Asker: 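Please see the structure below; I have some questions.
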Amino acid sequence: MAISTIQKFTSQIHRLPPVSCHILTRSSATLSSSKKVADRIVKLFAIDPEGQKREVVGLAGHSLLRALTNSGLIDPASHRLEEIDACSAECEVNIAQEWLEKLPPRTYDEEYVLVRNSRGRILNKHSRLGCQVVLTPQLQGMVVAVPEPKPWDIP
């Protein structure tokens, strides 16, 4: 029985049309992938704790936290995970008013983390968690302020 099944599959395989091989050269792979990355670039501006305006480059689909970390504005060691369950609001940023409408509203979890970690201060409507803001092409030019690290956040 097993031999007849194997013979059936073998005969079916031989009847399949030939597979055409397309070999990618290193240069063609690089060109096609770099074009896709270039299409995903989102440039924004961040006001650092010293008040300096800095250009930040991120990729659509990545978090604002990743872009700020790659630019050196947030210490990667201060934010351990991008999962909201483990978040302790080290990546809290302030979004400029004109960009708030272009972002989806805070989720219940994001609101909970911000309130839980506000340590008695009044929560600002501009406050968002960088790990929860996903960059999109519509956010090109967005302005965010990165506050000074809180004393309990400094590693």
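Numbers here simply count residues along the sequence, with the first being 1. Every value quoted in this text rests on a predicted model; they were computed, and no experiment measured them.
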Asker: Check whether Val134 and Val57 end up in the same hydrophobic cluster, where Ile, Leu, Val, Met, Phe, Trp and Tyr are linked by side-chain heavy atoms less than 4.5 Å apart.
Answerer: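 Result: no, two separate clusters.
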Asker: When rounded to the nearest 0.5 angstrom, what distance separates CG in Asp39 from CG in Leu59?
Answerer: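 Taking CG in Asp39 and CG in Leu59, the distance rounds to 11.0 Å.
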Asker: Using the salt bridge (charged side-chain N to carboxylate O under 4.0 Å, His left out) rule, collect all pairs that involve residues 54-63, keeping only residues at least two apart or in two chains.
Answerer: none
Asker: Check Gly58 against Ala67 and note the closest heavy-atom contact, atom names and distance.
Answerer: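 Minimum heavy-atom contact is CA-CB, 3.9 Å.
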Asker: Residues two or more places apart in sequence or in another chain: which of them pass side chain to side chain donor-acceptor pair (under 3.5 Å) with Glu101?
Answerer: Gln97
Asker: Going hydrophobic residue to hydrophobic residue with side-chain gaps under 4.5 angstrom, can you get from Ile74 over to Ile47?
Answerer: yes
Asker: Just grab all the salt bridge (charged side-chain N to carboxylate O under 4.0 Å, His left out) pairs involving residues 130-139, residues at least two apart or on different chains.
Answerer: none
Asker: Not counting sequence neighbours, which residues clear side chain to side chain donor-acceptor pair (under 3.5 Å) with Ser127? List them please.
Answerer: Glu92, Asn94
Asker: My understanding is that only residues two or more places apart in sequence, or in another chain, count here; which of them pass side chain to side chain donor-acceptor pair (under 3.5 Å) with His62?
Answerer: Arg66
Asker: May I ask whether Leu100 and Leu64 are part of the same hydrophobic cluster, defined by side-chain heavy atoms of I, L, V, M, F, W, Y residues being less than 4.5 angstrom apart, directly or through others?
Answerer: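 Linked, Leu100 and Leu64 end up in one cluster.
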Asker: Would you list the atom pairs, donor with acceptor, under 3.5 Å between side chains in residues 135-147 and any protein atom, with sequence neighbours excluded?
Answerer:
| unit_1 | atom_1 | unit_2 | atom_2 | d |
| --- | --- | --- | --- | --- |
| Thr136 | OG1 | Gln138 | OE1 | 3.2 |
| Gln140 | OE1 | Lys43 | N | 3.2 |

Asker: What's the separation between atom CG in Asp48 and atom CG in Leu68, rounded to the nearest 0.5 Å?
Answerer: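 Taking CG in Asp48 and CG in Leu68, the distance rounds to 11.0 Å.
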Asker: Can you pull out every salt bridge (charged side-chain N to carboxylate O under 4.0 Å, His left out) where at least one residue sits in residues 122-133? Sequence neighbours excluded, please.
Answerer: Glu110-Arg128
